[in-house]
Amino acid sequence: MRSVVAIAAAAAAVIGAAAPAAAATYPVGSPNFQATAGPNGTFSGAFYATGLAAGVFSDTFTFTLPTNGLGSGTVTTSVTDLGSANDLDFTSVTINDIAAQITKTAGGAFEVAFTNNVPIVAGQLNKLVVTGLSRGNGAYGGQATFTPVNSAVPEPATWAMMIMGFGVVGYAMRRRRTAVRFSQAV
């Protein structure tokens, strides 16, 4: 019984000693998240965070777009000396809960997270979330692009009219076949 209590106390001490999570939210238009409208409804944007204190962090970049479309982007970090105060590791990068692929190169000195063709819904608050571990003065930066997609999905009223039209055509074809059978039998 004492060993269970000792293990529980040790676990609580380890959890309590972990660095608290820092969280920040940056809406588009804030100094950390800028976007520019382009031709044909496209957008391009840049986002970053610098001076991230030691510990776990979670940064959320939010935006809303006027049309449905597809988004793509990359987030990068680099360090000269692994383990130094400027070192930062990504634990996850998501856009609208879709995970980006994270790649480490040069022995972990460079990290890149990237994703392509993520569905973006018009009028909805979209979220790009970057989480990781900073060693004391971490930094990262990224860019994102958006291309609108003309939806070929009909409105509900259009669906109703199409289904009713198919029903009328099917009924007319059935009635015609029945009428033809009766005239041949006579």
How far does [atom1] of [X] sit from [atom2] of [Y], to the nearest 0.5 angstrom?
X: Ile102; Y: Thr77; atom1: CD1; atom2: OG1; answer: 11.5 Å
X: Glu111; Y: Thr76; atom1: CD; atom2: OG1; answer: 10.0 Å
X: Thr50; Y: Asn32; atom1: OG1; atom2: CG; answer: 7.0 Å
X: Ile120; Y: Phe146; atom1: CD1; atom2: CZ; answer: 7.0 Å
X: Asp89; Y: Lys104; atom1: CG; atom2: NZ; answer: 4.5 Å

Apart from Leu82 itself, its cluster of hydrophobic side chains linked below 4.5 Å comprises Val79

Can you tell me which residue among Val149, Ile98, Asn68 is in a side chain to side chain contact (heavy atoms under 4.5 Å, CB included) with Pro119?
Ile98

Counterpart residues, ring pair (Phe, Tyr, Trp, His ring centres under 6.0 Å), relative to Phe61 (two or more places apart)
Tyr26, Phe33, Phe47

Minimum heavy-atom separation for [X] to [Y], with atom names?
X: Val93; Y: Ala113; value: CG2-CB, 3.6 Å
X: Asp59; Y: Tyr140; value: OD2-OH, 2.7 Å
X: Gln34; Y: Gly29; value: NE2-O, 3.3 Å
X: Asn40; Y: Pro148; value: O-CG, 3.2 Å

Do Val28 and Phe43 share a hydrophobic cluster, counting only Ile, Leu, Val, Met, Phe, Trp and Tyr and linking them when any side-chain heavy atoms are less than 4.5 Å apart?
yes

After noting the C-alpha distance and the side-chain angles of Thr25 and Thr62, does the key distance pass the side chain to side chain contact (heavy atoms under 4.5 Å, CB included) rule?
CA-CA 7 Å; Thr25 300; Thr62 61; 4.1 Å; yes

Quick check against the 3.5 Å criterion: does Asn116 have a side-chain atom that pairs as donor or acceptor with the backbone of Ser72?
no

Please output the side-chain donor-acceptor pairs of residues 125-134 that fall under 3.5 Å, not counting sequence neighbours, one pair per line with the distance.
residue	atom	partner	partner atom	Å
Asn126	OD1	Asn96	ND2	2.7
Asn126	ND2	Phe63	O	3.4
Asn126	ND2	Gln124	O	2.9
Thr131	OG1	Thr91	OG1	2.9
Thr131	OG1	Ser92	N	3.2
Thr131	OG1	Ser92	O	3.2
Thr131	OG1	Ser92	OG	2.6
Ser134	OG	Leu52	O	2.7
Ser134	OG	Ala53	O	3.4
Ser134	OG	Gly136	N	3.3
Ser134	OG	Gly138	N	3.1

